[in-house]
Protein chains: 2
Amino acid sequence: MKKTILVFGMLILALLLLFQFSKYAIISGDLKVELIVAAIAIVFFFVGIYINKKSLSKTDTTVVNINEEKIKELDISNREYEVLQKIAEGLSNKEIAEQLFLSESTIKTHVSSLLVKLDAKRRTQAITKAKSFEIL
Amino acid sequence: MKKTILVFGMLILALLLLFQFSKYAIISGDLKVELIVAAIAIVFFFVGIYINKKSLSKTDTTVVNINEEKIKELDISNREYEVLQKIAEGLSNKEIAEQLFLSESTIKTHVSSLLVKLDAKRRTQAITKAKSFEIL
DNA sequence: TTTTAGCTCATACTAAAGTACCAAAGTTCT
DNA sequence: AGAACTTTGGTACTTTAGTATGAGCTAAAA
């Protein structure tokens, strides 16, 4: 936030300096008008690019939102979704079972139904499909 | 491509018009110098934003840029990286072998060395780790 | 109160995945 | 040509993953 204020302060300062400089240069006739105009144009062209890049990189992380409607559409239950998340974290059935205080059999059951619902043959494919559905 | 040429053509035209206009305005004294300078600044500021947006939307995938240095750092070979990509697509060893015209044994060898290099126990974990390293 | 749906767990089995170890071509660099 | 490395492939084995089927339990809906 402080950085933003600093950047804008510098910008305003540069703008004022350009004003003064252009006025002086035109009146004294040291430089051609075209040159000054071109310089201003180029400077603010890149300022625009810079500002735009800054604002874009901030809203960049907001792009990824979980599509909850799709989860319901695919008829994936709460428990199944939990398991799906653990799968995507790279855990084995055994590890998932331990983390959720369940037996490995139960995890296998959930995984199997997940594969059916996501129309996947493997857990890795389930991950990619889930991400394409914006579920993960 | 034709659109790009058109846009740039329009830009150059606008630039020339501004040149002429500013020269005329300053000489005739109809407008204040500050106003002209400000106008030019504002116009090119937005031009910069526009151009930047266009170029970004085209190279949109460049935002999630693959960290090639990390690949070298992890000592992952070309073939191994190819296999890693196929794993992330959710393919089985057999399917990867068919796509790359290799035997399943070879894929297993590559996968094993990938797991070691990525310090992963499973292929699913390899995917998540690779993504955290910005390799995928 | 049945019925339905979700969650749980088990057994038995098949199919992948992964490990360990070895070995032969092919490249690249010196 | 020899060294070092990548790529390829094999065998034999262990470990996960995944399927099929059945069943008990609970909570909510019909």
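The sequence lines fix the lettering, A, B, ..., with proteins before strands; numbering per chain opens at 1.
- Contact check, A:Thr109 against C:dT8: no side-chain N or O comes under 4.0 Å of OP1 or OP2.
- Between the side chains of A:Glu80 and A:Ser113, a donor-acceptor pair is found at a separation under 3.5 Å.
- Residue contacts for B:Ser112: at a heavy-atom cut-off of 4.0 Å it reaches a base atom on one of the strands shown.
- Comparing D:dT8, C:dC9, D:dA17 against the side chain of B:Leu102 picks out D:dT8 as the nearest.
- Shown here for B:Leu91 and B:Arg123, the closest heavy-atom pair between the two residues is O-NH1, 2.9 Å.
- The CG-C1' distance, from B:Leu84 to C:dG18, rounds to 16 Å in whole Å.
- Closest contact between the side chain of A:Asn93 and the listed nucleotides D:dA17, C:dA17, D:dT6 involves D:dA17.
- In this entry the distance linking NZ of A:Lys108 with P of C:dT14 reads 14 Å, nearest Å.
- Across all non-hydrogen atoms, the minimal contact from A:Leu84 to A:Ala130 is CD2-CB, 4.1 Å.
- The nearest whole Å value for the distance from the CZ atom in A:Arg122 to the P atom in C:dA17 is 6 Å.
- Taking atom CD on A:Glu104 and atom C1' on D:dT19, their separation rounds to 14 Å, with Å as the unit.
- Among the heavy atoms of the strands lying under 4.0 Å from A:Thr106 is at least one base atom, whether or not backbone atoms are also near.
- For the side chain to side chain contact (heavy atoms under 4.5 Å, CB included) with A:Arg79, the lone residue among A:Thr109, A:Leu102, A:Thr106 that qualifies is A:Leu102.
- If you take CD1 of B:Ile87 and P of C:dA17, they are 9 Å apart, rounded to a whole angstrom.
- Residue B:Val111 places its side chain closer to C:dG18 than to any other of C:dG18, D:dT16, C:dC9.
- Regarding B:Glu82, its CD atom lies at a distance of 8 Å from the P atom of D:dT8, rounded to whole Å.
- The distance from atom CG of B:Leu74 to atom OH of B:Tyr81, rounded to the nearest 0.5 Å, is 11.5 Å.
- Proximity of A:Ser77 to the phosphate of C:dA5: no side-chain N or O atom is located under 4.0 Å from OP1 or OP2.
- Counting to the nearest Å, the P atom of C:dC7 and the CZ atom of A:Arg79 are 8 Å from each other.
- Distances shown here put every side-chain N or O of B:His110 at or beyond 4.0 Å from the OP1 or OP2 atom of D:dT7.
- Separating the NZ atom of A:Lys94 from the P atom of C:dC9 is a distance of 16 Å, rounded to the nearest angstrom.
- Nucleic acid contact class of B:Ser105 (heavy atoms, under 4.0 Å, all strands): base.
- Between C:dA10, D:dT19, C:dC7, one nucleotide has an atom nearer to the side chain of A:Asn78 than all others, and that is C:dC7.
- Closest to the side chain of A:Ser92, out of C:dG18, C:dT8, D:dT16, is D:dT16.
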